[in-house]
Asker: 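Before anything else, here's the structure in question.
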Number of protein chains: 2
Amino acid sequence: MSRKYIDNPNACTLVHTMNTIGNKWKPIILYLLSQGPLRFGMLNLLVPTISKKVLSTQLKELENDDLVSRTAYAETPPRVEYALTQKSKGLLPILKALSEWAEITYPEIDFEQCRIADHQLKEE
Amino acid sequence: MSRKYIDNPNACTLVHTMNTIGNKWKPIILYLLSQGPLRFGMLNLLVPTISKKVLSTQLKELENDDLVSRTAYAETPPRVEYALTQKSKGLLPILKALSEWAEITYPEIDFEQCRIADHQLKEE
DNA sequence: CTGTATCCACAAAGATACTG
DNA sequence: CAGTATCTTTGTGGATACAG
């Protein structure tokens, strides 16, 4: 075997990436924010079936990784807006590529789970 | 607000992608296989700290999603080789992009966890 | 409205031993 | 060598209530 060394740093950063955004909710949160800032309650509606607690932790982790920014307005009732940062904007084309890959590779995907969010939005 | 509808199918395929490969081990397995087929035991060495049970499950899921192929040779001792498929080959450039994004975005990443695999390889 | 606190359920992961 | 079986442990997510 000629391969004596695997260029592992690549795999390593990949692991880091997946640890950072590779879970159930974060990609969809980032995707939703790609269309503009959103408030906490709106995200709660748009992300199907997510609970407030989980949404809260996800957003906090994204904030820690500097992938979303959080802006609180001193009003009553309070208003908080979440938006993408420079770092996460660099991620968008890649997320899009991943999405397109899945679309091509698994054309039989069931889109039913999207209906909920669409419905909620149309009610708004 | 002018946005009344979010193009969710994109987010939906994204969710599907993350459900398929967005976990702790699969990206690194796919990455390692990108350099050529590997046997079960070799993967077990190369993927740091993974247990045989977990590796087995991950490989089986990848096989179900047609992202790796499994070839068993009728020898004693048995030999089983795992390799990428056409589907997962299309994913490689994207994984590379993700890796590069992390490298640029988080230059402070700790590469310590790669040492194990490197070390194992040099012993080979 | 935007969260936190608490408790609970379940799935995923690890350790170890064993089989063909 | 390439796994499986079993058991234990950990982690993640959900429900509900409540606070600023």
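Since we're looking at a predicted model, the values are computed, not measured. Reminder, nothing fancy here: chain letters follow the sequence lines and each chain counts from 1.
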Asker: Looking at dG13(D), I'd like to know if its phosphate oxygens (OP1 or OP2) sit under 4.0 Å from a side-chain N or O belonging to Thr57(A).
Answerer: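 For Thr57(A), the contact criterion (side-chain N or O under 4.0 Å from OP1 or OP2 of dG13(D)) is not met.
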Asker: Please output the side-chain donor-acceptor pairs of residues 66-78 of chain B that fall under 3.5 Å, not counting sequence neighbours, one pair per line with the distance.
Answerer:
residue	atom	partner	partner atom	Å
Arg70(B)	NE	Tyr82(B)	OH	3.4
Glu75(B)	OE1	Arg79(B)	NE	3.4
Glu75(B)	OE2	Arg79(B)	NH2	3.1

Asker: DNA chain D: Asn23(A) or Pro78(A), which has the more 5' nearest nucleotide?
Answerer: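 That would be Asn23(A).
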Asker: At their closest point, which heavy atom of Leu98(A) faces which heavy atom of Met18(B), and how far apart are they?
Answerer: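 Heavy-atom minimum between the residues: CD1-SD, 4.5 Å.
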Asker: Just to confirm, is there a sub-4.0 Å distance from OP1 or OP2 of dT2(C) to any side-chain nitrogen or oxygen of Arg39(A)?
Answerer: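 So the side-chain polar atoms of Arg39(A) do come within 4.0 Å of the phosphate oxygens OP1 or OP2 of dT2(C), strictly under.
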Asker: Tell me: CG of Asn44(B) to C1' of dA2(D), nearest whole Å?
Answerer: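 Computing the Asn44(B):CG to dA2(D):C1' distance gives 10 Å.
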Asker: Transitively linked via ILVMFWY side-chain contacts under 4.5 Å: Ile104(B) with Tyr31(B)?
Answerer: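 The answer is no; the residues belong to distinct hydrophobic clusters.
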Asker: Select base, sugar-phosphate, or nothing to describe what Tyr73(A) touches, counting heavy atoms under 4.0 Å on all strands.
Answerer: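 Tyr73(A): no heavy atom of the nucleic acid under 4.0 Å.
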Asker: Please determine if a side-chain N or O atom of Gln58(B) lies less than 4.0 Å away from the OP1 or OP2 oxygen of dA12(C).
Answerer: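 False: Gln58(B) side-chain N/O out of range (4.0 Å or more) of dA12(C) OP1/OP2.
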Asker: Does Lys52(B) place a side-chain N or O at less than 4.0 Å from the phosphate oxygens OP1/OP2 of dA15(C)?
Answerer: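 Negative; the distance criterion is not met.
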Asker: Write down the distance between CG (Leu55(B)) and P (dA15(C)), rounded to a whole number of angstrom.
Answerer: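 Result: 14 Å.
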Asker: For the side chain of Lys60(A), starting at C-beta, report the closest nucleotide among dG3(C), dT4(C), dG3(D).
Answerer: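 Output: dT4(C).
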Asker: Ignoring hydrogens and geometry, is there a side-chain-to-backbone donor-acceptor pair from Thr20(A) to His16(A) under 3.5 Å?
Answerer: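 Between the backbone of His16(A) and the side chain of Thr20(A) there is a qualifying donor-acceptor contact (under 3.5 Å).
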Asker: Determine: side-chain N/O of Lys24(B) to OP1/OP2 of dT12(D), distance under 4.0 Å, yes or no.
Answerer: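 For dT12(D), OP1/OP2 do not have a side-chain N/O of Lys24(B) under 4.0 Å.
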Asker: Check the distance between dT19(C)'s P and Lys53(B)'s NZ and give it to me in whole angstrom.
Answerer: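 Result: 18 Å.
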Asker: When you measure from the side-chain N and O atoms of Arg70(A) to the phosphate of dG3(C), is any distance below 4.0 Å, counting only OP1 and OP2?
Answerer: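 Checking Arg70(A) against dG3(C): at least one side-chain N or O falls below 4.0 Å of OP1 or OP2.
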